[in-house]
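For reference, the structure discussed in these notes is given below.
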Amino acid sequence: MITFDKETGIFHLKNDRYSYVLQIAKGKYLLHRYWGKPLRAFRDSRPLQALDRAFSPQPEAERGERTFSLDVLPQEYPAAGHVDYRIPAYSVRLSDGTTSTELRYATHRIEKGKPRLLGLPSALAEETEAETLVIRLEDTAGVLAAELSYSVFADSAILARSVRLENTGKEPLDLTGAASFALDFPEQDYDHVALFGGHASERNVERMPVTHGVYSVESRRGASSHQASPFFALARKTADERQGEVFGFSLVWSGEFAFRTEAEQFGTLRLVGGINPEGFRWHLAPGETFQTPEALLAYSSEGFDGMSQAFHTVVRHHILRGSWRDRGRPILVNNWEATYFDFDAEKLDHLAECAKNLGIELMVLDDGWFGKRNDDNSSLGDWVCNESKLAGGLKAVAESAHRRGLKFGLWFEPEMVSTESDLYRAHPDWALRSPHYPMTFGRNQLVLDLSRREVCDYIVESVSKVLTESGVDYVKWDFNRHLTDAFSAALPPERQGEVKTRFYYGLYDVLERLTSRHPEVLFESCSGGGGRFDLGILHYMPQTWTSDDTDAIERLKIQTGTSMVFPPITMGAHVSVVPNHQVGRVTPMQTRAFCAMMGCYGYELDITRFTEEEQAEVRAHIALYKRLRKTMQLGTFHRLVSPFEGSGNETAWEFVSADGREVVLLYFKTLATPKTELRRFFPVGLAADAEYEVAEYYPAKGLSHDGAGNKGTSLKGCAFYGDELMQSGIEPEKIDTDFAAYLWVLRRK
Ligand code: DGJ
């Protein structure tokens with residue numbers, strides 16, 4: 001997969017989806033030459049042109065060459081402030097105050113497999129699954145070295161990149177920026193695509209033309225955040241969901257990040273991605289190293305669908321781990337929107353009984369079971385059961401679930417502390433805060449200093465104790481505010497710029513220890529919904545609560561946007577009550593259920609209050625989901641109609657089972673339209689010459705125009721060849737109701 005030609009200095013990284021080509025120019029400069037569809041060989045059909053560019057530094061001038069300038073050449077890991085004015089990949093401050101460095105090619109090695117990144121999550125691969133190129137660059141003054149790592153996977157259109165920087169000098173230095181990758185594109189006529197959002201409205205797809213200047217998608221919140229997802233794509237102007245080139249990027253990292261592009265004077269485009277350099281400073285003593293997080297680069301010549309397939313494959317096979325990686329996830333009921341803080345043992349027992357009767361498999365007890373917590377003002381950090389609320393303790397609640405054959409899940413928010421807690425009273429210095437200013441609260445809580453080993457130990461031991469003693473099968477791990485005043489009482493002044501990065505080293509260490517101690521526990525991460533939905537967290541916790549917005553119509557967008565990077569098996573999605581608690585909307589139960597079935601399915605409402613009719617409907621949905629779970633969670637997912645395109649009034653999703661034998665189609669029409677507007681949609685990924693029978697069909701519930709119920713043509717029982725379904729499409733029956741949802745199950749004959 002990786003070859004090196006000594007004569008031309010060309011590295012060709014290749015699988016059956018892409019070629020990525022680098023070149024060592026003049027024996028020392030590492031340049032980027034090509035990334036796109038696979039090439040038989042790279043023989044340099046467009047050699048780099050030597051031009052004397054005004055106002056561009058000329059590093060070879062002393063050797064009589066004015067036409068070689070790193071300010072215009074495509075580079076792989078450009079330095080700041082020396083011979084290139086474009087956005088740098090890294091920047092350094094040496095002990096004498098200077099900031100120039102020159103990294104030049106020294107050596108390289110090609111290895112089978114993919115080495116792990118020390119202390120950081122990363123995509124994992126066996127020896128046969130990937131190949132890795134490590135190129136070592138050394139500074140000409142001997143103060144710095146960088147090892148650039150490139151891993152090519154056999155099974156996906158992904159290239160993994162990361163960098164390890166080392167102080168090779170005799171004096172300490174400060175890294176003031178250390179990106180995971182940089183890439184120069186030869187043209188600028190792309191659109192950039194990002195996922196903007198906010199709390200309860202995460203991951204909205206936004207597409208805009210690249211314009212001159214610097215554009216940044218970033219988080220400065222001490223977390224990957226609701227506001228900007230750690231994802232960025234460059235798409236050809238003509239690319240759409242099914243065709244055209246798309247270059248996608250994501251980080252295996254949960255902290256602050258930045259993807260910055262610069263469309264510059266000569267018509268090229270630079271992209272740099274990694275930890276946000278703003279506020280970052282890492283002190284390196286002689287001999288010390290700094291490892292950047294890993295970036296995953298996805299190449300697609302098949303539009304956004306191709307890009308998402310690349311990400312979904314790498315997530316499913318190389319990011320997720322552990323006993324739950326390939327297992328269908330249990331259907332849960334969570335008591336949060338059912339009871340909030342107002343519950344006791346009796347209520348939970350009743351909930352467990354109803355859950356069992358409906359066919360639910362896991363009962364989750366959310367916030368409020370510990371310390372003296374009856375609202376969100378106290379007790380975070382005191383992970384001890386509040387027995388005055390739960391007589392008999394957690395063990396009794398767990399037993400009430402287990403006795404009925406249900407699994408038992410529990411909520412924690414271990415990275416936080418309330419000032420009204422025993423933990424804070426004992427260790428006020430364990431919270432991040434400025435020594436000079438009043439504490440800054442968010443949800444009336446402070447963030448613990450996870451850069452300290454003793455804080456991480458406390459979290460591991462206190463959480464682990466509860467898991468073991470109470471028999472917990474599932475953990476919901478929440479994180480309900482962002483970082484401010486990231487000052488650690490335990491670090492010297494020159495290391496304070498490291499706190500927000502060390503916080504995640506601490507969190508990853510905690511999660512590594514807890515998940516290996518409790519390998520059977522299913523962890524679901526959460527940050528006020530999907531505020532930390534990223535590949536770093538997914539490496540430890542294989543599913544994430546997608547959003548605090550549980551309204552089905554809002555979720556059509558949130559889940560579609562999330563699917564740009566993350567496969568359905570990573571998305572928590574629940575049926576909630578109507579009127580919905582976030583937007584007050586009233587939608588049919590079927591619509592709420594079909595929308596939630598796209599992810600890890602569950603209920604988050606008071607199931608003890610269901611009428612007989614509702615119970616019957618819910619039982620049927622649960623039975624349907626159990627039948628389809630394998631296809632929907634472990635199959636291939638496609639967006640067929642996006643709510644971010646066209647009128648935004650329609651959404652359609654498709655799931656194809658791993659063996660291609662079962663296909664589930666979901667179609668949603670948000671608002672009824674007055675004209676008889678019949679719109680077809682087109683399944684994809686079927687075998688053109690195979691016959692598919694419409695085995696199950698659930699039309700939207702509502703009235704047809706004559707007021708007599710659904711009268712449209714049901715295709716149930718009919719069989720069609722794949723080519724007809726894909727080319728002529730499927731047309732949902734007209735229905736005069738808002739918030740309509742349809743589901744088809746096709747079985748290959
Ligand atoms: C925020 C989460 O997103 C909710 O689901 C719930 O767990 C609350 N926190 C509890 O405080």
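Throughout, residue positions are numbered sequentially from 1 according to the sequence presented. Whatever order the structure lists ligands and atoms in, that order sets their numbers, starting from 1. Hydrogens, waters and symmetry mates are skipped; everything else that's a heavy atom, side chains included, is used.
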Completion exercise
In ligand 1, the atoms that come under 4.0 Å of a heavy atom of G529 are 3 (O)
Exercise for the section: Within a distance under 4.0 Å of any heavy atom of W545, pick out the atoms of ligand 1 and give their elements. Expected result: 3 (O), 5 (O)
Exercise for the section: May I ask you to identify, for E413, whether its side chain, its backbone, both or neither come under 4.0 Å of ligand 1 on a heavy-atom basis? Expected result: neither
Problem - More than 12 heavy atoms of other groups within 6.0 Å of K557 NZ - result: no
Problem - E346 atom CD, over 12 foreign heavy atoms within 6.0 Å - result: no
Problem - Part of N480 with heavy atoms under 4.0 Å of ligand 1, whether side chain, backbone, both or neither - result: side chain
Practice task
Give a yes or no on whether the ring-centroid distance for H621 and Y603 is below 6.0 angstrom.
Solution key: no
Exercise for the section: Could you list which atoms of ligand 1 come closer than 4.0 Å to a heavy atom of C526? Expected result: 2 (C), 3 (O)
Practice task
Could you tell me the residue and atom name of the protein heavy atom closest to atom 1 (C) of ligand 1, and the distance to it rounded to 0.1 Å?
Solution key: D478 OD2, 3.1 Å
Practice task
Would you mind telling me if ligand 1 is within reach of the side chain of R373, the backbone, both or neither, using heavy atoms under 4.0 Å?
Solution key: neither
Practice task
Return the residue, atom name and 0.1 Å-rounded distance of the protein heavy atom closest to atom 6 (C) of ligand 1.
Solution key: D366 OD1, 3.4 Å
Exercise for the section: Check the pair R443, D367 against salt bridge (Lys or Arg N to Asp or Glu O under 4.0 Å), reporting the backbone distance first and the verdict last. Expected result: CA-CA 13 Å; R443 210 190 187 203; D367 195 353; 3.8 Å; yes
Practice task
Please examine the side chains of K407 and L522, heavy atoms only from C-beta on, and report whether any two atoms are closer than 4.5 Å.
Solution key: no
Practice task
Could you tell me whether a side-chain N or O of R203 sits under 3.5 Å from a main-chain N or O of G530, the two making a donor and an acceptor?
Solution key: yes
Problem - Whether R555 side chain and D549 backbone form a donor-acceptor pair below 3.5 Å - result: yes
Fill in the blank from the handout: For K476, the atoms of ligand 1 under 4.0 Å from one of its heavy atoms are 4 (C), 5 (O), 6 (C), 7 (O)
Practice task
Decide if atom NZ of K626 counts as having more than 12 heavy atoms of other residues, nucleotides or ligands within a radius under 6.0 Å.
Solution key: yes
Exercise for the section: List the closest protein heavy-atom neighbour of atom 3 (O) of ligand 1: residue, atom name, distance to the nearest 0.1 Å. Expected result: D548 OD1, 2.3 Å
Practice task
Give yes or no for whether the N/O distance cutoff of 3.5 Å, strictly under, is met between E604 and ligand 1.
Solution key: no
Handout entry: Residue and atom name of the nearest protein heavy atom (relative to atom 11 (O) of ligand 1), distance in Å to one decimal
Key = D367 OD2, 2.7 Å
Practice task
Check ligand 1 against G528 and write out every atom of the ligand that is under 4.0 Å from a heavy-atom position of the residue.
Solution key: 1 (C), 3 (O)
Practice task
Examine distances only and state if a side-chain atom of R373 and a backbone atom of W369 form a donor-acceptor pair shorter than 3.5 Å.
Solution key: no
Problem - Contact with ligand 1 for H199, non-hydrogen, under 4.0 angstrom - result: no
